[in-house]
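For the single chain, residues carry numbers from 1 onward in sequence order. Counting starts at 1 for both ligands and their atoms, following the listed order. This one's a predicted model, so the numbers in the text were calculated from it and none came from an experiment.
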Amino acid sequence: MGLTGKLSAQIEYKSSGDVFHEVFKSMPHEVSKMSPELIQGCDLHEGELGTEGSVIVWKYTHDGKERVAKEIVESIDEEKRSIKFRVIEGDLLELYKTLTLTFHVDKHGAIDLVTWILEYEKLHEDVDDPLTLLGFVIKVTNDIENHHLKA
Ligand SMILES: CC[C@@H](C)C[C@@H](CC)C(C)C
């Protein structure tokens with residue numbers, strides 16, 4: 001088994017894909033309100049919200065443990081409604097040399113599809129592939145969707 005990998009998942013998103021993109025672009029701090037069990041906080045550390053190069057620190061609970069991830073917003077593509085986050089500090093870097101989390105929103109007829117892609121390089125052979133992290137971001141996506149469906 002090599003050290004690098006790429007996991008992705010695509011789900012139907014029954015609320016507005018534009019709003020989903022906007023939340024992560026301009027209001028990431030709102031995510032903790034919509035998914036309080038999973039996301040406990042989000043602070044802007046550098047730069048301006050919604051711009052490439054800005055640095056965000058997430059406090060989240062993954063596999064029952066409280067974790068921190070500092071991420072740089074590496075790219076924002078309005079056209080594809082996509083954002084790529086690169087983890088630059090935090091618990092995940094005890095397992096992965098590099099880890100990026102990218103989402104994009106596709107239109108499929110009248111339905112929006114949200115795709116998350118995790119690209120990573122493990123620090124050593126016996127590090128697990130980040131399957132539970134992929135499940136985590138899908139759960140966060142569902143929480144955001146449910147929040148907007150209720151609103
Ligand atoms: C590193 C796991 C979480 C904190 C990632 C976040 C944005 C990419 C989360 C809100 C999906």
Any donor-acceptor pair under 3.5 Å linking the side chain of Glu52 with the backbone of Ile76? yes
Where is the nearest protein heavy atom to atom 9 (C) of ligand 1: which residue, which atom, and how far? Ile39 CD1, 4.1 Å
Is the ring pair Phe103/Phe24 parallel, tilted or perpendicular, if the boundaries are 30 and 60 degrees? tilted
For Glu71, is the nearest heavy atom under 4.0 Å from an atom of ligand 1? yes
For Asp126 and His124, does a side-chain donor sit closer than 3.5 Å to a side-chain acceptor? yes
If we number the atoms of ligand 1 from 1 as shown, the ones under 4.0 Å from a heavy atom of Val137 are 11 (C)
Among Phe85, Phe103, Phe24, Phe136, which one has a heavy atom closest to atom 3 (C) of ligand 1? Phe136
Which heavy atom of the protein is the closest neighbour of atom 2 (C) of ligand 1, given with residue, atom name and distance? Leu133 CD1, 3.9 Å
Could you check whether any side-chain heavy atom of Ile56 comes within less than 4.5 Å of a side-chain heavy atom of His45, counting everything from C-beta outward? no
In terms of atom number and element, which parts of ligand 1 are under 4.0 angstrom from non-hydrogen atoms of Trp58? 4 (C), 6 (C), 7 (C), 10 (C)
Work out whether the distance between some heavy atom of Leu92 and some atom of ligand 1 is less than 4.0 Å. yes
Please check this pair: side chain of Asp77 against backbone of Glu79, looking for a donor-acceptor N/O pair closer than 3.5 Å. yes
Please check if any side-chain donor atom of Ser35 sits under 3.5 Å from a side-chain acceptor atom of Asp143, or the reverse. yes
